[in-house]
Amino acid sequence: MKKLIWAICSFIFLTIACTTNRSQDDEEGQNQEDSVTAVVSDTLTMEEVEEALPARADELFDDFLFNYSQDSLAQMRRTAFPLPYYRDGEKETIARTAWKQDPLFSNMEFYSVLYDRASDMEIEKDTSLTRVQMEYLYLDKKEAKRYHFLRNPKGFWILYKIVEEPLTEEKDPVHFLEFYEKFATDSIFQREHVSPQLNFITFDPDDEFKTVDFGITVDQWFAYRPKLPVHTLTQVNYGQNALGQEKKIVNFRGSSNGFNNTLVFERKNDTWLLTSFEDTSE
């Protein structure tokens, strides 16, 4: 009987503890959303927030992010200050006066987005999105830096927190990222992990509105391949699933230069194999 009573008491204690932790997390999340919803400080009005970017820039997150990354005024007006900044669980804040323009990946030749399914690549065009994360995945340090954006009830995208934390299986495709880093840095390893008959997709030379696909050899891959990012990938998390273990689609996009390459990797015998390469750069 004593053991039974002890078990019941332990269960009740754990339930209360878990509920308390969830309540604290929910309360913190709600407080952040409330601050973003207001986005009106001692120096800003909602009109100033709205005027920071043209209305059409808020329809698609990619359009907003491009403008936000290049416009210092937009960053000042579309960032919820004091901005929470978490490093390994420790919270700091960045005051408006201490903020320096962050170019994000607008100064990069191209950035990457990861998917598990081709159908998920359409999610970026969804105008009903309310939460998106732009992330740096530091492969060499096994860390991530995540920028959390929220669309407030007025329809304006706002940066409301930044988090630096280790890469984890719960949030990141760690197994694939470890493979990709070696694939990008070791040419012998790369050669061993390219399909002998790699499917190549590109524009039809006779009709620029159509694409053609055909097989190419490993040697041809080395002739046509793009310059692969080595120690850092970026990710835009629109809500797509990118934690699967059977297939990975890595889309490389130019910020403003028309570059567009897509690599498809498939899991084969506990490793990954490049099975498709698409170059539809303009």
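Note that the structure is a prediction, hence the values are computed from the model and not measured.
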Chi angles and distances behind the ring-ring contact (aromatic ring centres under 6.0 Å, His included) call for Phe105, Phe110:
CA-CA 8 Å; Phe105 46 63; Phe110 58 85; over 10 Å; no

Co-membership, hydrophobic cluster, residues Ile201 and Val212, 4.5 Å side-chain:
no

Cation-pi between Arg225 and Phe277: NZ/CZ under 6.0 Å from ring centre and within 45° of the ring axis?
no

Heavy-atom check, side chain of Val174 versus side chain of Phe176, under 4.5 Å
no

Given side chain to side chain contact (heavy atoms under 4.5 Å, CB included), test Ile249 with Met121 step by step and report yes or no.
CA-CA 9 Å; Ile249 301 171; Met121 298 177 73; 4.1 Å; yes

Asn251 and Thr262 side chains, donor-acceptor separation under 3.5 Å
yes

Output every pair passing side-chain hydrogen bond (donor to acceptor under 3.5 Å, both in side chains) with a member in residues 163-176, not counting sequence neighbours, ordered by first then second residue.
Tyr85-Glu164, Arg146-Glu165, Arg146-Asp172, Glu165-Lys171, His175-Trp272

No-hydrogen, no-angle side-chain donor-acceptor test under 3.5 Å, Tyr115 and Glu124
yes

Arg87/Glu90 salt bridge by N-O under 4.0 Å criterion
no

So, do Glu178 and Lys142 sit near enough that their side-chain heavy atoms are less than 4.5 Å apart?
yes

To the nearest 0.5 Å, what is the distance between CG on Leu83 and NE2 on His148?
10.5 Å

Partner residues of Tyr180 under the side chain to side chain donor-acceptor pair (under 3.5 Å) criterion, sequence neighbours left out:
none

Closest heavy-atom pair and its distance - Ser195, Val218:
O-CG2, 3.9 Å

Exam field: side chain Arg267 to backbone Gln245, donor-acceptor pair closer than 3.5 Å
yes

Using side chain to side chain contact (heavy atoms under 4.5 Å, CB included), reason through Thr280 and Phe203 one step at a time and then give a plain yes or no.
CA-CA 6 Å; Thr280 53; Phe203 284 123; 3.9 Å; yes

Does Ile123 belong to the same Ile/Leu/Val/Met/Phe/Trp/Tyr cluster as Val113, with side-chain heavy atoms less than 4.5 Å apart forming each link?
yes

Looking at CD1 of Ile188 and NZ of Lys182, how far apart are the two atoms once the value is rounded to the nearest 0.5 Å?
10.0 Å

If we count only N and O atoms by modelled type, under 3.5 Å, do the side chains of Asp279 and Thr202 hold a donor and an acceptor together?
no

Can you tell if the side chain of Asn260 reaches within under 4.5 Å of the side chain of Glu282, non-hydrogen atoms only?
no

Does the distance from a Lys or Arg side-chain N to an Asp or Glu carboxylate O, for Asp71 and Arg78, drop under 4.0 Å?
no

Any chain of hydrophobic side-chain contacts (each under 4.5 Å) joining Trp99 to Leu65?
yes

Is the Phe149 to Phe61 ring centre distance short of 6.0 Å?
yes

Would you find a donor on one side and an acceptor on the other, under 3.5 Å apart, between the side chain of Thr271 and the backbone of Lys268?
no

Rounded to the nearest 0.5 Å, what separates atom OG in Ser255 from atom CD in Gln70?
8.0 Å

Enumerate the salt bridge (charged side-chain N to carboxylate O under 4.0 Å, His left out) contacts for residues 97-116, please, sequence neighbours excluded, ordered by first and then second residue.
Asp116-Lys248

Within-4.5 Å side-chain heavy-atom neighbours: His231 and Tyr138
no

Looking at Thr127, is its backbone amide N or carbonyl O close enough to the side chain of Arg151 to form a donor-acceptor pair, meaning the two atoms are under 3.5 Å apart?
yes

To the nearest 0.5 Å, tell me how far Glu181 CD sits from Thr232 OG1.
9.0 Å

Under 6.0 Å from the ring centre and within 45 degrees of the ring axis: does the NZ or CZ of Lys154 meet both conditions for the six-membered ring of Phe156?
no

Apply side chain to side chain contact (heavy atoms under 4.5 Å, CB included) to residues Phe214 and Ile216 and explain how you reach the verdict.
CA-CA 7 Å; Phe214 50 91; Ile216 61 174; 3.7 Å; yes

Less than 4.5 Å apart, any side-chain heavy atom of Leu137 and any of Thr234?
no

Compare every heavy atom of Ser106 with every heavy atom of Ser69, then report the nearest pair and how far apart it is.
OG-CB, 3.3 Å

CD-CG distance between Glu278 and Asp213, expressed to the nearest 0.5 angstrom
9.5 Å

CE of Met134 to CD1 of Ile162: how many Å apart, nearest 0.5 Å?
10.0 Å

Are Leu177 and Leu233 side-chain neighbours, meaning at least one heavy-atom pair lies under 4.5 Å?
yes

Measure across Pro229 and Ala184 and return the closest heavy-atom pair with its distance rounded to 0.1 Å.
O-CB, 3.5 Å

Which heavy atom in Leu274 sits nearest to a heavy atom in Ser276, and how many Å separate them?
CD1-O, 3.5 Å

Does the pair Leu228 and Leu263 meet the rule for a side chain to side chain contact (heavy atoms under 4.5 Å, CB included), with working shown?
CA-CA 10 Å; Leu228 299 176; Leu263 308 184; 3.8 Å; yes

Can we say Asp62 and Lys125 salt-bridge, meaning some charged N sits less than 4.0 Å from an Asp/Glu carboxylate O?
no

Is Tyr136 linked to Tyr111 within one hydrophobic cluster, defined over Ile, Leu, Val, Met, Phe, Trp and Tyr using a side-chain heavy-atom separation of less than 4.5 Å?
yes

Val132 to Leu129 - nearest heavy-atom pair and separation:
CG2-CD1, 4.2 Å

His193-Phe179 aromatic ring centre distance below 6.0 Å
yes

For residues Val194 and Leu273, determine if any side-chain heavy atom of one lies less than 4.5 Å from a side-chain heavy atom of the other.
no

Side chains of Tyr224 and Asn261, donor plus acceptor under 3.5 Å
no

Can you give me the closest heavy-atom contact between Asn107 and Pro103, atom names plus distance?
ND2-CG, 3.7 Å

Checking Thr217 against Asp219: is there a side-chain donor and acceptor pair closer than 3.5 Å?
no

Evaluate side-chain hydrogen bond (donor to acceptor under 3.5 Å, both in side chains) for Glu266 paired with Thr275, printing each intermediate quantity in order.
CA-CA 7 Å; Glu266 296 184 41; Thr275 59; 3.0 Å; yes

Does a side chain donor of either Tyr68 or Thr79 reach within less than 3.5 Å of an acceptor in the other side chain?
yes

Side-chain heavy atoms nearer than 4.5 Å, only ILVMFWY residues, links allowed to pass through others: does that put Phe189 and Phe265 together?
yes

I'd like to know if the side chain of Asp58 reaches the main chain of Trp157, judged simply by a donor and an acceptor atom lying under 3.5 Å from each other, with no hydrogens or angles considered.
yes

So, do Trp221 and Arg191 sit near enough that their side-chain heavy atoms are less than 4.5 Å apart?
no

Side chain of Asp63, backbone of Glu59: donor and acceptor closer than 3.5 Å?
no

